[in-house]
Amino acid sequence: MATSVEYIEYVCEQIRKVGEVRYKKMFGEYMVYVNDKPVLLVCDDTVYVKMLDVVSEDMSDAPKGIPYKGSKEHYILDIDNSDLAVTVVEKLEKVTPLPKPRKKKEK
């Protein structure tokens, strides 16, 4: 079951005050970017967060899951808890690097 557009827009609305929020469809699911940094993965209407030390205390009671076959285990973020979501996303945004620009192929 793929993530619905309504759900991904809800996710973005919940964290809107953190900064510039946008999403991009990838492999049928979504990556959520904050200030151009990839911070959340949304698969099957579930929000996943990388298991990083910076959020381990905030997410210690959170369930864990694997967003797609072959991926590492992630925390599952309760996006309905907007205070928690904003706190976690703010911390992730600070430690997540901007993606490196892709080199264009020469023809």
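Below, all heavy atoms of this structure are taken into account, side chains as well, without hydrogens, waters or symmetry copies. On a predicted model such as this, the values are computed, not experimentally measured, just so you know.
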[atom1]/[X] to [atom2]/[Y] distance, rounded to the nearest 0.5 angstrom?
X: Arg16; Y: Ser82; atom1: CZ; atom2: OG; result: 13.5 Å
X: Gln14; Y: Leu40; atom1: CD; atom2: CG; result: 11.5 Å
X: Lys24; Y: Ile8; atom1: NZ; atom2: CD1; result: 13.5 Å
X: Tyr30; Y: Arg22; atom1: OH; atom2: CZ; result: 14.0 Å
X: Leu84; Y: Ile79; atom1: CG; atom2: CD1; result: 8.5 Å

Under 3.5 Å, side-chain donor or acceptor atoms of residues 51-61 against the rest of the protein: list the pairs with distances, not counting sequence neighbours.
{"from": "Ser56", "atom 1": "OG", "to": "Asp53", "atom 2": "O", "distance (Å)": "2.9"}
{"from": "Asp58", "atom 1": "OD2", "to": "Lys91", "atom 2": "NZ", "distance (Å)": "2.6"}
{"from": "Ser60", "atom 1": "OG", "to": "Glu57", "atom 2": "O", "distance (Å)": "3.2"}

Val11 reachable from Val18 in the ILVMFWY side-chain graph, under 4.5 Å edges: yes
Common cluster, Val95/Leu41, ILVMFWY with side-chain heavy-atom separation under 4.5 Å: no
How close do [X] and [Y] get, counting heavy atoms only, and between which atoms?
X: Asp45; Y: Ser4; result: OD1-N, 3.2 Å
X: Ala62; Y: Ile76; result: CB-O, 3.6 Å
X: Thr3; Y: Cys43; result: OG1-C, 3.4 Å

Contacts of type side chain to side chain contact (heavy atoms under 4.5 Å, CB included), residue Thr96, not counting sequence neighbours: Lys37, Pro38, Val39, Leu92
Pairing residues for Asp80 by the side chain to side chain contact (heavy atoms under 4.5 Å, CB included) criterion, not counting sequence neighbours: Tyr10, Asp78
Could you walk me through whether Glu20 and Tyr33 satisfy the side-chain hydrogen bond (donor to acceptor under 3.5 Å, both in side chains) test, starting with their C-alpha distance in whole Å, then the side-chain angles of each, then the deciding distance to 0.1 Å, before giving a yes or no? CA-CA 8 Å; Glu20 182 184 327; Tyr33 294 81; over 6 Å; no
Does a side-chain heavy-atom distance below 4.5 Å link Val49 with His74? no
Which of these, Val34, Val47, Leu77, Val88, sits in a side-chain contact (heavy atoms from CB on, under 4.5 Å) with Ile15? Val34
Quick one: which of Tyr7, Tyr48, Tyr23 gives a side-chain contact (heavy atoms from CB on, under 4.5 Å) with Val42? Tyr7
